[in-house]
Amino acid sequence: MELEKKKSLPVIGRFAPSPTGPLHFGSLVAALGSYLLAKQTGGQWLLRIEDLDPPRVIPGSADDILRSLDLFGFEWDGEVLYQSQRSERYREVLANLQQNHLLFPCSCTRRELIASAPHSGEDGPIYPGTCRQGVVGCRQERALRLRVPDEEIRWRDLIFGELHQNLQREVGDFILQRADGLFAYQLAVVVDDIDSSVNQVVRGADLLSSTPRQAYLYRCLQQPLPVYYHLPLALGDDRQKLSKRHGAAAIITMENRQQALWAALQFLGQSPPKDLAQADVSEQLAWGMEHFSPSAVTKEQQLVPAFGS
Ligand code: GLU
């Protein structure tokens, strides 16, 4: 019998920033990790702007992020995908899930849920199943939720190892379309990754808690799960996840970009030579392509290093 050679698919990775501000150190780490892990094997690296939630979008910041990525010499493949242009597709997928009786309308307000949910999960109150059997009385149907099973969802993260979560007990049926009509991040991210044939997801560990919900959605849509790498979180000096509140300290500029890229390589557990910190970013990226090793990445969250602003 002929030995069958196991052919692995070419990697299709992506970077999916939300345009809620300029590129900061945390997003640079995600961009760098996802870029090197895709490009090192000759794969593709796609770019998607997650502008799904208009009130959170800051005008001009998508272009700002694209300019910063350009500044580092990150080259993305194909056209940039904007979630704000994908509503038709999300609607179609929701209709499909609805036909398969996987969704139900819910009339609960957030305030009611906080009052009635006995426990709170990592991402807010655990949905107690109030509208599972139908909306009570003539209350207004507000959001669409995905019915989740009472079973452990298991997946393997290539940095964090084997993980599992019981969605019903720890999250509850979750929202795919919000009361205000906006599509939920969980839906959009999975549909976009499927439609773009993404098979490798590299992103910050703050999204680790979303992964079991997304893994269950892949199952509902009968699609194979991508490979996951969740990268350590970069914390501000108050030990909180980086956000606008941390101001300019973690923002990438034309002037600090070399030190920032060097610091991002080191943040990811790599050991870039000291003199590389002064080198051009193209040289730093080339070093990363040659030397980046995912086994050196740890799961420990770390403070943002000083890289000069
Ligand atoms: N848009 C998300 C963020 O900026 C990332 C989503 C993802 O990578 O799945 O944090």
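Remember, it's 1-based here, ligands and their atoms both numbered in the order they're listed.
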Side-chain contact, heavy-atom cut-off 4.5 Å: Leu176 with Phe174? yes
Please work out which of the three classes, parallel, tilted or perpendicular, describes the rings of Phe15 and Trp45, given edges at 30° and 60°. parallel
Tell me whether Asp193 contacts the main-chain N or O of Val198 through its side chain, where contact means a donor paired with an acceptor under 3.5 Å. no
Give a yes or no on whether the backbone of Phe307 and the side-chain of Asn256 come within a donor-acceptor separation of less than 3.5 Å. no
Could you give the N/O to N/O pairs under 3.5 Å linking ligand 1 and the protein, each with its distance?
{"from": "ligand 1", "atom 1": "1 (N)", "to": "Ala16", "atom 2": "O", "distance (Å)": "2.7"}
{"from": "ligand 1", "atom 1": "1 (N)", "to": "Ser18", "atom 2": "OG", "distance (Å)": "2.8"}
{"from": "ligand 1", "atom 1": "1 (N)", "to": "Glu50", "atom 2": "OE1", "distance (Å)": "2.6"}
{"from": "ligand 1", "atom 1": "4 (O)", "to": "Ser18", "atom 2": "N", "distance (Å)": "3.2"}
{"from": "ligand 1", "atom 1": "4 (O)", "to": "Ser18", "atom 2": "OG", "distance (Å)": "3.2"}
{"from": "ligand 1", "atom 1": "8 (O)", "to": "Arg14", "atom 2": "NH1", "distance (Å)": "2.6"}
{"from": "ligand 1", "atom 1": "9 (O)", "to": "Arg14", "atom 2": "NH2", "distance (Å)": "3.0"}
{"from": "ligand 1", "atom 1": "9 (O)", "to": "Tyr185", "atom 2": "OH", "distance (Å)": "3.0"}
{"from": "ligand 1", "atom 1": "9 (O)", "to": "Arg203", "atom 2": "NH1", "distance (Å)": "2.8"}

Under the 3.5 angstrom rule, does the side chain of Glu290 hit a backbone N or O of Trp287 as a donor-acceptor pair? no
With a cut-off of 3.5 Å and sequence neighbours excluded, list every side-chain donor-acceptor pair involving residues 177-184.
{"from": "Gln177", "atom 1": "NE2", "to": "Gly181", "atom 2": "O", "distance (Å)": "3.0"}
{"from": "Arg178", "atom 1": "NE", "to": "Asp180", "atom 2": "OD1", "distance (Å)": "3.3"}
{"from": "Arg178", "atom 1": "NH1", "to": "Asp53", "atom 2": "OD2", "distance (Å)": "3.4"}
{"from": "Arg178", "atom 1": "NH2", "to": "Asp180", "atom 2": "OD2", "distance (Å)": "2.7"}
{"from": "Asp180", "atom 1": "OD1", "to": "Leu182", "atom 2": "N", "distance (Å)": "3.1"}

